[in-house]
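Since the structure comes first, as structure tokens, the remarks are kept for the end.
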Amino acid sequence: MTCHLLIPAAGSGKRMGADCNKLLLPLLGKPILQWTLEAAIASEAITWIGVMGQPHDYPEFQKIFNEISLLKPIRLIQGGATRQASVFNGLKALPIDCDRVLIHDGARCLVTPELFDRCDLALQEMQGFIVAVPVKDTIKVVDGLTIVDTPNRDHLWAAQTPQGFQLDVIKNAHLTALELGWEVTDDAALLEKVGLAVQIVMGEETNLKVTTPQDLAIAEFILKQRNN
Ligand code: C5P
């Protein structure tokens, strides 16, 4: 069995307030991206990894690849102007024997090898899924600063990655998006827009996305707890 993983890593450090790609910032002495890659390499299921990056980051990415055990093929793929464009580039670069794919944000560096393995199993039965956790807060829909709705919390889940898809299904959804000019922030939204069912796989509370300096501090705390 083969399991291909795409890692979008071609963003910037804007919301982090950094003047470089936030995935290159150090977290307990290692770049954020390295933590994500080490989890992918430790996963029993994953056999091939593609990393989408901006060409100006290639030298730093290559240094990370050299640091970690090269037990699995890792391929650098040029990213795009948006996450969606980066993922589309990744989908086009997958090897010919690939029929299903996991997509995981490089910024979710607390992902565990076990979560990747559970995702691979899920994908053997589903056309598309996302990892998600039930929301803990009450969520408000607002217009300006006025609340217009309070959805029932029982139906609200917070989306994480990995997300997984049969390759033909996600590729066709991306092609339709390109044709119709849809812009989305996760891959599942494209399947939803073309009317295909996407399922939920239970995520992990600690699988946070490092976006702000506070997230970096929380990630550091969680990693220290894990190593105790
Ligand atoms: O900015 P944010 O953290 O939401 O981005 C999610 C993921 O998408 C990150 O891992 C980031 O590196 C990636 N990304 C990308 N190409 C872009 C923008 C973001 O691969 N143009």
Side-chain angles (χ1 to χ4, degrees), residues 4-27 30-41 43 46 49-65 68 74-94 101-112 115-116 119 130-133 157-165 170-171 173-174 177-178 181-190 203-204 206-220 222-223:
H4 296 80
L5 171 69
L6 289 174
I7 300 184
S12 66
K14 212 164 146 202
R15 282 182 290 172
M16 182 63 84
D19 56 6
C20 66
N21 184 342
K22 68 181 173 189
L23 300 190
L24 296 173
L25 295 177
L27 171 59
K30 283 190 259 186
I32 290 175
L33 180 62
Q34 186 166 338
W35 288 96
T36 311
L37 280 167
E38 284 180 359
I41 286 171
S43 148
I46 289 163
I49 302 165
V51 180
M52 285 81 86
Q54 301 295 354
H56 58 80
D57 286 333
Y58 284 2
E60 291 302 317
F61 280 22
Q62 201 56 59
K63 271 191 219 160
I64 297 172
F65 299 172
I68 52 183
I74 304 182
R75 164 132 191 240
L76 253 178
I77 300 159
Q78 183 159 347
T82 61
R83 181 189 182 281
Q84 185 176 332
S86 294
V87 170
F88 190 48
N89 286 356
L91 293 172
K92 289 185 288 187
L94 285 164
V101 62
L102 295 180
I103 302 166
H104 179 70
D105 287 346
R108 285 192 192 270
C109 56
L110 300 181
V111 64
T112 59
L115 183 56
F116 280 128
C119 288
I130 69 166
V131 161
V133 289
W157 290 64
Q160 302 182 343
T161 63
Q163 307 198 349
F165 309 93
I170 189 67
K171 252 187 165 169
H174 269 268
L178 205 62
W182 295 339
E183 285 180 19
V184 295
T185 50
D186 83 340
D187 305 288
L190 292 179
E204 295 174 352
T206 56
N207 181 23
L208 62 85
K209 182 153 70 78
V210 176
T211 307
T212 63
Q214 288 86 342
D215 296 331
L216 204 51
I218 296 167
E220 194 171 310
I222 294 169
L223 285 171

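All residue numbers in this chain count up from 1 along the given sequence. Every number for a ligand or one of its atoms is a count from 1 in the order of the listing.
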| task | For atom 8 (O) of ligand 1, grab the closest protein heavy atom and report residue, atom and distance to one decimal in Å. | result | Arg83 CG, 3.5 Å
| said: Just so I know, are the side chains of Phe61 and Asn21 near enough to count as touching, which here means a heavy-atom distance under 4.5 Å? | reply: yes
| request: Please report the closest heavy-atom contact between Arg108 and Asn207, naming both atoms and the distance. | output: NH1-O, 2.8 Å
| query | Looking only at heavy atoms, what is the nearest atom pair of Thr36 and Gly106, with distance? | reply | OG1-O, 2.7 Å
| said: Can you give me the closest heavy-atom contact between Phe116 and Val111, atom names plus distance? | reply: CE1-CG1, 3.7 Å
| message | What protein heavy atom lies closest to atom 12 (O) of ligand 1? Include the residue and the distance to one decimal. | response | Gly11 N, 3.1 Å
| request: Please indicate whether any nitrogen or oxygen in Val210 is less than 3.5 Å from any nitrogen or oxygen in ligand 1. | output: no
| Going by the atom numbers of ligand 1, which of them fall below 4.0 Å from some non-hydrogen atom of Ser86? | 15 (C), 16 (N), 17 (C), 20 (O), 21 (N)
| note | Any heavy atom of Ala10 under 4.0 Å from ligand 1? The part involved is both
| request: Under 4.0 Å from a heavy atom of Ala81: give me the atoms of ligand 1 that qualify, with their elements. | output: 21 (N)
| task | Only heavy atoms count here, so choose which of Gly106, Gly53, Gly80, Gly79 is nearest to atom 21 (N) of ligand 1. | result | Gly80
| query | Atom CG of Leu208 and atom CG of Leu110: how far apart are they, to the nearest 0.5 Å? | reply | 5.0 Å
| field | atom 1 (O) of ligand 1: the protein heavy-atom neighbour that sits closest, reported with distance to 0.1 Å | value | Arg15 NH2, 3.0 Å
| query | Which pair of heavy atoms, one from Leu115 and one from Pro162, lies closest together, and at what distance? | reply | CD2-CD, 4.0 Å
| task | Using distance alone, determine whether Lys209 and ligand 1 share an N or O pair under 3.5 Å. | result | yes
| Should the pair His174 and Phe88 be assigned to parallel (<30°), tilted (30 to 60°) or perpendicular (>60°) ring geometry? | parallel
| said: What protein heavy atom lies closest to atom 6 (C) of ligand 1? Include the residue and the distance to one decimal. | reply: Asp105 OD2, 3.6 Å
| Hey, is Arg108 touching ligand 1 through its side chain, its backbone, both or neither, going by heavy atoms under 4.0 Å? | neither
| query | Roughly how far apart are Ile103 CD1 and Ile7 CD1, rounded to 0.5 Å? | reply | 11.5 Å
| request: May I ask you to check whether Asn21 has an N/O atom sitting below 3.5 Å from an N/O atom of ligand 1? | output: no
| Can a protein heavy atom be found under 4.0 Å away from atom 3 (O) of ligand 1? | yes
| query | How about Val51 and Leu37: do any of their side-chain heavy atoms sit closer than 4.5 Å? | reply | yes
| request: Decide whether an N or O pair under 3.5 Å exists between Pro8 and ligand 1. | output: yes
| Taking Gln78 for the side chain and Gly90 for the main chain, is one N or O donor matched with an acceptor at less than 3.5 Å? | no
| query | So Asp186 and Arg83, salt bridge (Lys or Arg N to Asp or Glu O under 4.0 Å) or not? Walk me through it. | reply | CA-CA 8 Å; Asp186 83 340; Arg83 181 189 182 281; over 6 Å; no
| query | Going by heavy atoms, is Lys22 under 4.0 Å from ligand 1? | reply | yes
| field | Within-shell test, Thr211 vs ligand 1, heavy atom, strictly < 4.0 Å | value | no
| In ligand 1, which numbered atoms sit nearer than 4.0 Å to a non-hydrogen atom of Ala107? | 10 (O)
